[in-house]
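Throughout, residue positions are numbered sequentially from 1 according to the sequence presented. Here the structure is a predicted model, which is why all the values come from computation and not from measurement.
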Amino acid sequence: KEWAQNCPNHWFWASFGVKALQQEDNDKYKHLKWMYGCLDINEWNTITKREKDDLRQKNNIDSNTTIFLQLGRNQLRKLYGSTIESFSKFKKLHPEHKAKLHFHCSYSDQGFPLERLTTELGLKREDVLVTYYCRACSEWEIKPFYGEDQDCRFCGAQKARATAGVTSTINNRELAKIIGMSDACVSVYTSGGFEYINPQALLCGLPLLCTEYSSGEDFVNQPFVTRLDGTYTYEVGTGFRKHVPNINTMIKFYKKICETPYDKKMEIGKEGRSWAAKTFDVNIIGKQLEEWIDNTPKHNWDFEIKKGVLKDPNAQIEDIKDNREWIKQLYNKILKCEPDPNGWN
C-alpha cells in the first residue's frame, strides 16, 4: 500500500487489486492501473482432432477418455487436493463416464503429497496422469505416476525422467501440445496475481473452469469460462483472504464436459482463444508499454554512483533471443553491474 500511494506508475497484473484499493480510498489510489501479463500467442495454438488422437495413441491414452488438466506449481496456493477430492466424488457419482485427471507439475515440490492424496481420497493410480520429461534428452510422455527418477525409454538414460515442474526443459510449443491433449482445464487456487495457465489454456482451445476470486475475476466474467464459486477463509499470520472452492461446482463441470459433444467444445475453445489472443498478445501489451515509455518525460537523474562508474541510460541494446541473457545485458550495459543470481528464482 505504501508503494501504491507513492509510486505514480504502479500497475497490477489484474483488475481486482486496483478495485480493492480504490474502494478503500480512491483519493490515495486513483492513479493505479493494471496491465495483463503477455504471451507470444504464436507459441500457444490449438491442435486438430487428428493431432490429439495421435498424441494420445503415442502415450497409450484412449481417445474416448475425457481428460481434465491442472497445470501449475505444486504449492499450497494451488488447490490440487480439492481437485482430487472433487474428481473422486465425480467418479463415484458418474461411473458411466471415462475420465482422468492430468497433473502437469512436479511431485517433488514441497507442496501437496499428491500420490498419497490420490490414494486417500479414493482414486486409483491410473485415474491421475502426470507429465514426465527426460533431463538428458528432453523427451516427454504422459502416464500414471510411478515415482521420480525413472529410466528414459527414449534415450536410455538411467534415472533421468522426472515429473515436469519449473526446471522442466519442455518448451512452450511442446507444452501447447500437452495442453491440447486434454479436453478441459481446471484452474483452482486460493488467490493469484495472474495465473498464466488461464490464458494458455484458452489459447490452446480448452474450456476453462476458473476460481472466481483475485486474478480469476477477469476470466470468469467471460461467457465461455465456467465460474468456480466458493467461500472464503483467512490465512494464518497474514490474515489474507483466501478462496475455498465449491466441490459441487467442480463435479458439475466434469459432468458437463464429459457430456458435451466434441464440436461444441471446439466452439467454446474458439471463443476463448479469440478473446485471449486479443487480450494477452505480447504485441498488444508490448505496444502499450512502448507508448508509455515513449510518452514519459525525461528526468534530470544523476547516474553517477559512489564507485565513480557511470550508468548509461542510452546504451545500445542487442536483440538477444535468450530472455535471461537479454536481461543480463540490461544490467551490464545500463546499470554497469551484474544481476543478483538469487533474483532468477
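Residues Cys137 and Cys152 form a side-chain contact, since some pair of their non-hydrogen atoms from C-beta on lies under 4.5 Å apart.
When the shell of 6.0 Å around NZ of Lys98 is examined, it contains more than 12 heavy atoms from other residues, nucleotides or ligands. Heavy-atom neighbours of Gln110 CD from other residues, nucleotides or ligands within 6.0 Å: at or below the threshold of 12. For CD of Gln158, the number of neighbouring non-hydrogen atoms (other residues, nucleotides, ligands) closer than 6.0 Å is 12 at most. In the displayed structure, Lys49 atom NZ is contacted under 6.0 Å by more than 12 heavy atoms of other residues, nucleotides or ligands. Residue Trp326 qualifies as open at atom CH2: its count of foreign heavy atoms under 6.0 Å is 12 or below.
Side-chain rings of His102 and Phe68 stay apart, their centers remaining 6.0 Å or farther from each other. The ring of Tyr146 has its center no closer than 6.0 angstrom to the ring center of Tyr132. Trp275 and Phe219 have their aromatic ring centers within a separation under 6.0 angstrom. Between Phe103 and Phe145, the distance from one ring center to the other does not fall under 6.0 angstrom. For Tyr196 and Trp44, the ring centers sit 6.0 Å or farther from each other. For Tyr234 and Phe240, the ring centers are positioned 6.0 Å apart or more.
Phe194 pairs with exactly one of Trp34, Phe280, Phe12 by the ring-ring contact (aromatic ring centres under 6.0 Å, His included) rule, that one being Phe280. Put simply, the residue from Gln23, Lys1, Gln5, Gln22 that forms a side-chain hydrogen bond (donor to acceptor under 3.5 Å, both in side chains) with Tyr29 is Gln5.
With hydrogens and angles left out, the side-chain atoms of Asp53 and Ser63 include no donor and acceptor closer than 3.5 Å.
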